[in-house]
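Proteins get letters first, then strands, A, B, ... in listed order; numbering begins at 1 in each.
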Protein chains: 2
Amino acid sequence: MSSIHDVATYCGVSTATVSRALRGLPNVSRQTRELVQAAAAELGYVPSPSASGLSGGRHRAVAIVIPSTARWFYSKVIEGVDSVLRREGYDTFLVILAATLNDRERLFHNALLRKRADALIALGIDFTDEERRELRSVQMPAMIVGGAVRGVRSVGLDDGAVGRAATEHLLGLGHTRIGHIGGHTEYGMQHSVGEDRESAWRNALAAHGLQPPPHHHADGAFVVPQAKVAARSMLRSPDRPTAIFAGSDEMAFGALLAATELGLRVPEDLSVIGIDDHDWSDAFGLTTLRQQPFEQGRLAARTVLDELNGIPVPVRTTRAPFELVVRASTGPLGSAPAQAPAQDAPRSTPTAV
Amino acid sequence: MSSIHDVATYCGVSTATVSRALRGLPNVSRQTRELVQAAAAELGYVPSPSASGLSGGRHRAVAIVIPSTARWFYSKVIEGVDSVLRREGYDTFLVILAATLNDRERLFHNALLRKRADALIALGIDFTDEERRELRSVQMPAMIVGGAVRGVRSVGLDDGAVGRAATEHLLGLGHTRIGHIGGHTEYGMQHSVGEDRESAWRNALAAHGLQPPPHHHADGAFVVPQAKVAARSMLRSPDRPTAIFAGSDEMAFGALLAATELGLRVPEDLSVIGIDDHDWSDAFGLTTLRQQPFEQGRLAARTVLDELNGIPVPVRTTRAPFELVVRASTGPLGSAPAQAPAQDAPRSTPTAV
DNA sequence: GTGAAAGCGCTAACAT
DNA sequence: ATGTTAGCGCTTTCAC
């Protein structure tokens with residue numbers, strides 16, 4: 001494990017020159033730079049992040065704070081973030097923020113993050129007031145993906161707009177009994193996302209003079225199993241909805257499973273729409289509002305890197321794009337054919353609108 | 001951001017004493033230790049990992065090398081690893097090893113040499129000979145989850161045993177036309193897992209004098225969409241299998257979706273078994289062989305930490321436990337009832353065997 | 001364009 | 001039980 005010193009003596013220059021040459025700093029002759037680069041490659045030299053972190057204050061690492069890795073959205077954001085960080089020679093350092101308040105406090109209060117990471121990217125966290133304050137005053141560049149905090153840069157869907165679009169797609173098909181499976185997530189995780197989508201549903205219905213009965217709304221906790229349970233009870237009621245808007249594709253999957261189990265045909269007996277365009281949504285034939293968390297992650301990473309590089313970035317919330325993808329899970333009200341659909345029906349052909 | 005020096009002067013001792021006191025080292029009087037601890041808390045002191053990494057050689061971080069975060073197994077392992085690391089005050093560095101050979105080389109080299117991590121945990125990577133060599137000779141503790149490398153500690157299923165158990169469950173139900181959806185994954189990812197499960201399937205059938213026709217095997221690439229495609233073509237053949245053993249639950253989901261689409265009843269017309277006990281398997285009513293990646297991750301983390309703490313750990317492969325969980329997706333051959341199942345059928349009640 | 005020297009914040013001998 | 005003294009491997013003035 002050669003050090004900068006080895007490289008320096010190897011080519012008969014000072015360590016300072018090696019440092020400058022390798023980092024592409026000015027005031028190094030073309031000749032010297034090439035010499036140094038060759039030597040570094042030859043010796044398999046890799047700078048120690050600890051050393052440069054200590055001396056230069058740049059750790060070449062960013063922390064990504066998430067509630068869990070097991071959800072599609074998060075995992076995609078992580079991969080997006082990592083893809084750009086890696087290319088820039090930065091490391092990604094995972095902070096899984098369990099809902100344990102205790103743990104969280106330590107993480108945030110401590111300069112712990114500050115001493116190891118140059119920047120912070122947070123997802124799906126429902127920050128406490130204290131944390132918001134800290135976040136706003138952090139020394140390091142920070143960005144939030146999916147869910148805004150005043151004074152901090154962020155990128156994410158306009159949940160109101162998406163929720164409205166989803167509901168209106170169903171209304172446009174003639175549905176009036178439209179249920180909603182939402183996400184009041186576990187403690188400590190983002191609340192606003194689920195709430196905003198639910199409000200949008202309510203408002204869109206209200207705009208059409210509709211007011212859903214209480215049992216047309218249930219909590220799916222953003223996961224398949226609970227969404228399935230929620231959908232099942234909703235679909236068993238005598239005045240069951242003819243369409244369900246699920247707050248995420250995973251919850252929509254749960255609804256589809258419930259429908260299958262109850263012998264309901266989709267979309268003849270029940271239409272289902274979700275949000276995300278999960279990797280599996282096509283296989284489920286699910287109509288959804290596509291968003292691209294991988295790209296959101298990339299943007300977040302690029303943004304904090306820009307800031308680190310001294311490029312000014314306005315503090316603002318970037319609205320991530322979304323688009324309706326119509327598949328086989330939604331159809332006009334009363335489309336019920338007399339018999340089962342043909343086996344070759346192209347249930348999975350997406351149609352971007 | 002106070003340093004060790006601040007704490008030292010604050011309580012009138014040397015930095016060495018502070019260091020010793022805070023790390024629980026011997027040769028510090030109870031009094032002094034408490035004084036120092038109080039001062040540290042008071043000043044909000046947090047040791048800089050860069051500094052202690054540089055001087056002491058302990059970075060209090062471990063790197064976890066994975067092909068992707070988006071798969072259930074990986075995400076669970078990550079969470080397991082992180083849960084024990086965090087408790088011990090260690091950080092988790094993510095190294096997402098894209099299949100790009102070019103990139104990999106650099107990454108692997110760096111991950112090992114960069115000296116940012118004290119230990120290495122790798123999952124689902126199909127190491128090159130070069131990498132194996134490096135791994136074996138690494139300076140730092142290393143552990144592999146799911147898929148062994150000679151000379152490196154590892155934990156994972158006995159894929160042969162699991163594959164046999166799955167196939168035998170179906171054989172035991174009277175099935176003889178048993179298909180397999182396997183995983184020949186993308187370049188650079190673990191091959192042996194998919195291969196061993198497939199061999200086990202073949203061997204179990206052979207042991208019963210059965211030899212599956214070529215079209216009863218297809219590649220599902222360990223993901224839902226491709227598994228669905230694979231299952232669909234398999235199920236359309238005139239002599240379609242009456243049961244499918246999928247190499248993972250995600251692929252089994254794909255098979256179930258294909259069955260639904262083709263109007264096949266499960267388990268009357270088709271039985272399906274997977275491996276994993278994915279979080280959603282219960283919702284799908286999927287019979288499976290349960291493994292516990294979270295626990296495997298915990299074990300891996302504990303193992304490398306033990307090594308770091310000087311506790312001797314034999315170099316060996318630990319077989320992770322698995323158990324059959326029978327749900328509604330498998331049933332005896334020819335169990336076909338005349339009509340659709342009752343709506344209230346408890347499809348999801350698991351039965352651990 | 002390049003080098004010398006002074007740290008960054010900590011740990012690890014070696015003293016006392 | 002505690003303090004002193006060197007570094008760890010880099011970056012960064014400040015000279016030249």
Nucleic acid contacts of residues 29-42 of chain A, taken as heavy-atom distances under 4.0 Å to DNA chain D:
none

Can you list every side-chain hydrogen bond (donor to acceptor under 3.5 Å, both in side chains) pair that touches residues 39-52 of chain A, not counting sequence neighbours?
A:S50-B:H59

Residue pairs fulfilling salt bridge (charged side-chain N to carboxylate O under 4.0 Å, His left out) with at least one residue in residues 81-90 of chain A, sequence neighbours excluded:
A:D82-A:R86, A:R86-A:D91

Using a heavy-atom cut-off of under 4.0 Å over every strand shown, decide if B:R23 touches base, sugar-phosphate, or nothing.
sugar-phosphate

Below 4.0 Å from chain B heavy atoms, what is the first contacting nucleotide of DNA chain D and what is the last?
D:dA1 to D:dG9

Determine which pairs satisfy salt bridge (charged side-chain N to carboxylate O under 4.0 Å, His left out) with at least one residue from residues 43-53 of chain A, sequence neighbours left out, and list them in order.
none

Let me test you: for the helix from C:dG1-D:dC16 to C:dT16-D:dA1, what is the angle between the axes at its two ends (five pairs each), rounded to 10 degrees?
30°

Please work out if A:R58 contacts a base, only the sugar-phosphate, or nothing of the nucleic acid, heavy-atom cut-off 4.0 Å.
nothing

Quick check: closest heavy atoms across A:F222 and A:R71, and the distance to 0.1 Å?
CB-NH2, 3.7 Å

Minimum heavy-atom separation for B:R116 to A:P49, with atom names?
NH2-CB, 2.9 Å

Any pair with a residue in residues 142-151 of chain B that passes side-chain hydrogen bond (donor to acceptor under 3.5 Å, both in side chains), sequence neighbours left out, goes on the list, sorted by first then second residue, please.
none

Heavy-atom closest contact (A:R298 atom, A:S83 atom, distance)
NH1-OG, 3.2 Å

Contact list for residues 6-16 of chain B, test side-chain hydrogen bond (donor to acceptor under 3.5 Å, both in side chains), sequence neighbours left out
B:S14-B:T17

Heavy atoms under 4.0 Å, any strand shown: does A:P26 hit a base, just sugar-phosphate, or nothing?
nothing

Do you know which of A:L123, A:V304, A:V313 makes side-chain contact (heavy atoms from CB on, under 4.5 Å) with A:M143?
A:V304

Qualifying side-chain hydrogen bond (donor to acceptor under 3.5 Å, both in side chains) pairs with a residue from residues 308-317 of chain A, counting only residues at least two apart or across chains
A:S154-A:T317

In chain order, what residues pass the salt bridge (Lys or Arg N to Asp or Glu O under 4.0 Å) check against B:E79, with sequence neighbours excluded?
none

Of A:T15 and B:V13, the one whose closest DNA chain D nucleotide lies more 5'
B:V13

Its 5'-most and 3'-most nucleotides having an atom under 4.0 Å from a non-hydrogen atom of chain A, DNA chain C is contacted over C:dG1 to C:dG9

Nearest nucleotide by nearest heavy atom, which residue falls closer to the 5' end of DNA chain D, B:A51 or B:V28?
B:V28

Test item: B:R58 side-chain N/O and B:G53 main-chain N/O as donor-acceptor pair under 3.5 Å
no

The criterion is salt bridge (Lys or Arg N to Asp or Glu O under 4.0 Å); which residues satisfy it with B:R153, sequence neighbours excluded?
B:E307

